[in-house]
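Reviewing the structure listed below.
Just so we're clear, the structure is a prediction, and the values are computed from it rather than from any experiment. Numbers restart at 1 for each chain; the letters A, B, ... are given by sequence-line order, proteins then strands.
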Number of protein chains: 2
Amino acid sequence: MYSREVSTAERLIESTRELLWERGYVGTSPKAILERAGAGQGSMYHHFTGKPDLALAAIRRTADELRAAAEAVLDGPGTPYERIEAYLRRERDVLRGCPVGRLTMDPDVVASDELRAPVDATLDAIRERIAGIVEEGKEQGQFGPELDGEAIAATVLATVQGGYVLARASGSPAAFDAGVRGLLSLLHPQDHPTVRGARCTRCSTN
Amino acid sequence: MYSREVSTAERLIESTRELLWERGYVGTSPKAILERAGAGQGSMYHHFTGKPDLALAAIRRTADELRAAAEAVLDGPGTPYERIEAYLRRERDVLRGCPVGRLTMDPDVVASDELRAPVDATLDAIRERIAGIVEEGKEQGQFGPELDGEAIAATVLATVQGGYVLARASGSPAAFDAGVRGLLSLLHPQDHPTVRGARCTRCSTN
DNA sequence: GTCTATAACACGATAGAC
DNA sequence: GTCTATCGTGTTATAGAC
């Protein structure tokens, strides 16, 4: 039988991931991590050099996971618009916030190049992927030629990250959904038809 | 002579405002506040019941100030588009983040209805103001009738709040500016003209 | 009104037994 | 590899002098 128990190091990383998401780096103490993981002080300092080292392992895993999940949606089927819509509408635990984005509000994370690196890398990778999709959409005529892929990608990502802020402020996911809806209405080719059958250079649809 | 020194209570509130912006609620200790304000423990507990009470005074002031500054720009001169552009482009210390929005990532702030209330009220007021401006723009024909004021307002605010996240992740304001630029290109009536002089119902410009 | 002293506990890390 | 004990410091608050 391969009934495998999870290693202590593994439980420490997972507990840290949960707490970083809930309380951030500054708000997460080694004591709280150890309690959640069911381990003693010694275990943590055996496997990791300290709190920053353990947090780094946790942040890297969370960042890699989010990146893979986002790219899976963005590389999925559909037109460029549909793939961006799928990304914007993908299932999210909105009130919990973004496990990666929230770290940018942590002074100790931003102050450390090592802790910030995975956060930056993940957001940047998603941004690049979206920018490529926008350029693809321009070539196919689904998006107007005046759109800048890099800029639109930043807008898309910012709308998501800012949506979390609005939702958490109001205690309801409604504002997140509204922001996404607004952005999609601005992006949607079909939503701005021309009159008298003339072609609109922006949408390139009749 | 009216050479007035600032009261101790005043210095405590201002020091707290600075620290809340820099380090958030969880990352700000009474000791750090007292050091910055040049006061002793007794002063703080004389004027306030404790850390949450002092933080509430600081948050209320910061929220009210931001709200006034934002509404001043939004109620300024110009067309609806121009006023939204002015809001999006208004001077910001991007890498410091939003002094109000960052509080939504603080678990203790979100957990307290009292601390969260001023944050929610300010973001909501700005959102409502932008929504009204969008509706105004629709009536004037500057924005297409398919746009929903509430949704667009959420998108505008989210782009700003999320722009801070992207900027802090990368350590550069560039991503914030890119997000704003992308959103403006989607909103701008002039950026999507029709061919052959036909009228586009979306932009209502030739 | 402001100060210092003190309390009780948490933080982050180390030491050394098992 | 994991445990408990301990360390020095910081946190949040109270007490009481001035």
Side-chain angles (χ1 to χ4, degrees), chain A residues 3-60 103 105-116, chain B residues 3-59 103 105-112 114-116:
Chain A
S3 95
R4 312 235 243 88
E5 292 182 10
V6 178
S7 73
T8 300
E10 192 58 29
R11 288 200 322 275
L12 286 169
I13 293 176
E14 287 302 313
S15 297
T16 304
R17 296 212 306 147
E18 291 172 16
L19 283 164
L20 284 179
W21 195 354
E22 293 168 21
R23 303 195 43 85
Y25 182 86
V26 169
T28 297
S29 71
K31 192 192 181 192
I33 295 170
L34 296 171
E35 271 171 13
R36 191 170 293 214
Q41 292 263 88
S43 295
M44 170 176 153
Y45 286 101
H46 173 75
H47 293 288
F48 304 94
T49 65
K51 178 182 167 177
D53 187 43
L54 172 51
L56 180 58
I59 291 174
R60 280 190 176 142
L103 297 170
M105 292 302 137
D106 236 300
D108 292 5
V109 170
V110 172
S112 158
D113 284 341
E114 216 176 9
L115 292 179
R116 190 172 51 84
Chain B
S3 95
R4 311 235 243 89
E5 292 183 10
V6 178
S7 72
T8 300
E10 193 59 28
R11 290 201 320 276
L12 285 170
I13 293 176
E14 286 303 312
S15 298
T16 304
R17 296 213 307 148
E18 292 171 18
L19 283 164
L20 284 180
W21 195 356
E22 292 167 21
R23 305 195 43 85
Y25 182 86
V26 168
T28 296
S29 71
K31 191 191 181 190
I33 294 170
L34 297 171
E35 272 170 12
R36 191 170 293 213
Q41 293 264 89
S43 295
M44 171 177 152
Y45 286 100
H46 173 74
H47 293 286
F48 304 94
T49 65
K51 180 183 167 178
D53 187 42
L54 173 51
L56 179 59
I59 290 174
L103 296 170
M105 292 302 137
D106 236 299
D108 292 5
V109 171
V110 173
S112 157
E114 216 176 10
L115 293 178
R116 188 171 53 80

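Residue-to-nucleotide proximity on DNA chain C shows that, of A:Thr28 and A:Gly42, the 5′-proximal contact is made by A:Thr28.
Remark: B:Arg36 engages B:Glu22 in a salt bridge, criterion side-chain N to carboxylate O under 4.0 Å. Electrostatic pairing of A:Asp108 and B:Arg23 counts as a salt bridge here, judged by a charged N lying under 4.0 Å from a carboxylate O. Using a 4.0 Å cut-off between a side-chain N of Lys or Arg and a carboxylate O of Asp or Glu, A:Arg11 and A:Glu14 do not qualify as a salt bridge.
When distances run from any side-chain atom of A:Lys31 to the nucleotides C:dA10, D:dA5, D:dT12, the shortest one goes to C:dA10. Counting only heavy atoms from C-beta on, B:Ala39 has its side chain closest to C:dC3 among C:dC3, C:dA13, D:dT12. Checked against D:dT2, C:dG1, C:dA13, the side chain of A:Ser43 finds its nearest nucleotide in D:dT2. Relative to the side chain of B:His47, the nucleotides D:dT12, C:dC11, C:dT2 differ in distance, and C:dT2 lies closest.
For the pair B:Met44 CE and C:dT2 P, the interatomic distance rounds to 14 Å; values are reported in whole Å. Following rounding to the nearest Å, A:Tyr45 (OH) and C:dG12 (C1') show an atom-to-atom distance of 4 Å. Put simply, CG on A:Leu12 is 12 Å from C1' on D:dG1, counting in whole angstrom units. When the P atom of D:dT14 is taken as reference, atom CG of B:Leu34 falls 14 Å away, rounded to whole Å. Rounded to an integer number of Å, the gap from CD1 of A:Ile33 to P of C:dC11 is 10 Å. When rounded to the nearest whole Å, the span between CD of A:Gln41 and C1' of C:dG16 equals 14 Å. Whole-Å rounding puts the B:Glu35 CD to D:dG10 P distance at 9 Å. Atom CZ in A:Phe48 sits about 14 Å away from atom C1' in D:dT2, given to the nearest Å.
The cationic atom of A:Lys51 (NZ for Lys, CZ for Arg) lies less than 6.0 Å from the six-membered ring centre of A:Tyr25 and within 45° of the ring axis.
Taking only side-chain nitrogens and oxygens, A:Thr8 never comes nearer than 4.0 Å to OP1 or OP2 of D:dG1. A close approach under 4.0 Å does not occur between any side-chain nitrogen or oxygen of A:Ser29 and OP1 or OP2 of C:dA10. A close approach under 4.0 Å does not occur between any side-chain nitrogen or oxygen of B:His46 and OP1 or OP2 of C:dC3.
Environment of CD in A:Glu10: crowded, with over 12 heavy atoms of neighbouring residues, nucleotides or ligands closer than 6.0 Å.
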